2 protein chains.
Amino acid sequence: MGVTKSEIFTDQQNQISTFAKAFAHPARVAILEHLFNLSACVCGDLVNEIGLAQATISQHLKELKNLGLIKGEVEGTKVCYCIHQENWTAMKEIMNEFLNQDKTVTPECC
Amino acid sequence: MGVTKSEIFTDQQNQISTFAKAFAHPARVAILEHLFNLSACVCGDLVNEIGLAQATISQHLKELKNLGLIKGEVEGTKVCYCIHQENWTAMKEIMNEFLNQDKTVTPECC
DNA sequence: ATTATCCATCGTAATATTGCAATGAATTTG
DNA sequence: CAAATTCATTGCAATATTACGATGGATAAT
């Protein structure tokens with residue numbers, strides 16, 4: 001126990017929860033905001049901006065990269081991270097469809 | 001040490017991650033979809049639809065309720081759960097602002 | 001009143017996540 | 001080449017999450 005039973009859910013449900021997990025930590029939200037603002041894109045800068053250890057930021061960057069939401073480019077000893085525009089857009093559509101479910105029905109039940 | 005340092009993040013960042021956590025599990029995504037579809041709204045029905053134990057579903061319902069995304073109404077021995085429309089809309093705006101950040105900048109960096 | 005149904009809560013076990021120090025690989029600089 | 005810089009990875013420790021059986025309270029049905 002303690003392990004999510006993803007077999008019993010649809011691909012769409014698992015996909016939504018996977019994307020949501022990316023945003024389910026304030027550090028990753030902060031990282032993404034910095035990348036969008038272009039206020040920091042190098043790992044070291046993000047470490048300074050956000051107050052977490054380098055190893056921790058690197059780990060969060062890895063998760064975002066694995067999900068495809070960002071991409072990293074090596075520039076000498078530094079690595080510059082950027083939003084992966086296409087994948088971000090694709091993710092957004094999936095999340096929006098889920099969030100906008102309330103538009104498609106005229107509810108009332110209890 | 002396993003505990004999120006929410007003090008170092010903005011209220012907005014913490015709020016987004018908190019909402020995202022609600023969707024970060026496929027069972028909660030499934031529950032919300034059932035509530036929107038009106039295909040099940042009583043706890044017992046949700047247990048049958050989704051293949052998890054009653055205690056587990058009850059726990060997920062509690063989390064969604066604590067976040068204010070759903071509300072429960074006692075009807076005899078049953079409890080009918082519904083989407084909390086207003087709070088859902090408010091949450092949606094916050095999440096949309098975050099997801100649509102890519103509209104506000106003309107990036108390119110690396 | 002007794003029984004049955006429904007659901008929340010508690011306790012427990014297992015897995016996942018978060019955070020960091022330490023280490024090491026790659027590159028740049030001196 | 002040596003030293004310095006930057007970042008990814010590894011190995012731990014601590015906390016959080018997921019799941020479920022068991023229990024108990026509340027209401028409905030008999």
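No experiment lies behind these values; they were computed from the predicted model shown. We name chains A, B, ... by the order of the sequence lines, and we start the count at 1 in each one.
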Can you check whether [Y]'s main-chain N or O pairs, donor with acceptor, with [X]'s side chain at less than 3.5 Å?
X: W88(B); Y: L99(A); answer: yes
X: N14(A); Y: S6(A); answer: yes
X: R28(B); Y: K21(B); answer: yes

Practice prompt. Report yes if a side-chain nitrogen or oxygen of K5(B) is closer than 4.0 Å to either non-bridging phosphate oxygen (OP1 or OP2) of dC20(C); otherwise report no.
Written response: yes
Worksheet entry | Contact under 4.0 Å: H25(B) side-chain N or O vs dA19(D) OP1/OP2 | yes
From [atom1] of [X] over to [atom2] of [N], roughly how many Å is that when rounded to an integer?
X: F23(A); N: dT18(C); atom1: CZ; atom2: P; result: 14 Å
X: N66(A); N: dT17(C); atom1: CG; atom2: C1'; result: 15 Å
X: E75(B); N: dT27(D); atom1: CD; atom2: P; result: 14 Å
X: I8(A); N: dT18(D); atom1: CD1; atom2: P; result: 13 Å
X: L64(A); N: dT17(C); atom1: CG; atom2: C1'; result: 14 Å
X: K21(B); N: dT18(D); atom1: NZ; atom2: C1'; result: 15 Å

Discussion item. Between E33(B) and Q12(A), is there a side-chain donor-acceptor contact under 3.5 Å, judged purely by atom types and distance?
Written reply: yes
Worksheet item: Taking the side chain as C-beta and beyond, is there a heavy-atom pair between T10(A) and V29(B) under 4.5 Å?
Response: no
Discussion item. Closest-nucleotide mapping onto DNA chain C: is L52(A) or V74(A) further toward the 5' terminus? I mean the 5' end.
Written reply: L52(A)
Practice prompt. Using the six-membered ring wherever Trp is involved, compare the ring planes of H60(B) and H25(B) and label them parallel, tilted or perpendicular (cut-offs 30° and 60°).
Written response: tilted
Check nucleotides 3-11 of chain D against the protein and report each pair of N or O atoms closer than 3.5 Å, with its distance, or say if there are none.
| residue | atom | partner | partner atom | Å |
| --- | --- | --- | --- | --- |
| dT6(D) | O4' | T77(A) | OG1 | 3.0 |
| dT6(D) | O3' | T77(A) | O | 3.3 |
| dC7(D) | OP1 | C43(A) | N | 3.4 |
| dC7(D) | OP1 | V79(A) | N | 3.3 |
| dC7(D) | OP2 | G44(A) | N | 2.7 |
| dA8(D) | OP1 | Y81(A) | OH | 2.2 |
| dA8(D) | OP2 | S58(A) | OG | 2.5 |
| dA8(D) | N7 | Q54(A) | NE2 | 2.9 |
| dA8(D) | N6 | Q54(A) | OE1 | 3.1 |

